[in-house]
Amino acid sequence: VNMYGKCGSLEDARCVFDKIRGHDLISWSAMLAAYSWNGRGEEALELFTQMQLEGLVPNKITFISILDA
């Protein structure tokens, strides 16, 4: 997810993210950062909301990704 995000290939990053079973905070943060790095703030905020609805509590890294969005 991180590699594809840094390369600007958000479709591939999202595809890998969607195939991960049992997302953890690291996978969520990587996808959020990918959206943020590529100027897709709205998608990052939507994903952040989805993450919270699934019961995950953001950490400092997650918040930094959202602030960049």
**Message:** Going by side-chain hydrogen bond (donor to acceptor under 3.5 Å, both in side chains), name the residues that satisfy it together with D12, two or more places apart in sequence or in a different chain.
**Reply:** S9

**Request:** Could you walk me through whether L32 and F63 pass the side chain to side chain contact (heavy atoms under 4.5 Å, CB included) test, one step at a time?
**Result:** CA-CA 10 Å; L32 289 166; F63 279 121; over 6 Å; no

**Message:** Tell me whether V16 shares a hydrophobic cluster with M3, the cluster being built from Ile, Leu, Val, Met, Phe, Trp, Tyr side chains joined at under 4.5 Å.
**Reply:** yes

Only distances under 3.5 Å count here; give the side-chain donor-acceptor pairs of residues 44-57 to other protein atoms, sequence neighbours excluded, each with its distance to 0.1 Å.
unit_1	atom_1	unit_2	atom_2	d
T49	OG1	L45	O	3.1

**Item:** Cluster check L10, W37: I/L/V/M/F/W/Y, side chain < 4.5 angstrom
**Value:** no

**Item:** I26 atom CD1: more than 12 heavy-atom contacts under 6.0 Å
**Value:** no

**Prompt:** Atom NZ in K60, atom OG in S65: separation rounded to 0.5 Å?
**Reply:** 13.5 Å

**Selection residues 1-33 - residue pairs positive for ring-ring contact (aromatic ring centres under 6.0 Å, His included), sequence neighbours left out** = F17-H23, F17-W28, H23-W28

**Under the side chain to side chain contact (heavy atoms under 4.5 Å, CB included) test, residues paired with D18 that sit two or more places apart** = R14

**Prompt:** Of all residues at least two apart in sequence or in a different chain, which pass the side-chain hydrogen bond (donor to acceptor under 3.5 Å, both in side chains) check with T62?
**Reply:** S29, N59

**Request:** Can you run down the salt bridge (Lys or Arg N to Asp or Glu O under 4.0 Å) pairs that involve residues 27-43, sequence neighbours left out, and say none if there aren't any?
**Result:** R40-E43

**Asked** When rounded to the nearest 0.5 angstrom, what is the spacing between CG in N2 and SG in C7?
**Response** 9.5 Å

**Request:** Please report the closest heavy-atom contact between S27 and I20, naming both atoms and the distance.
**Result:** CB-CD1, 3.9 Å

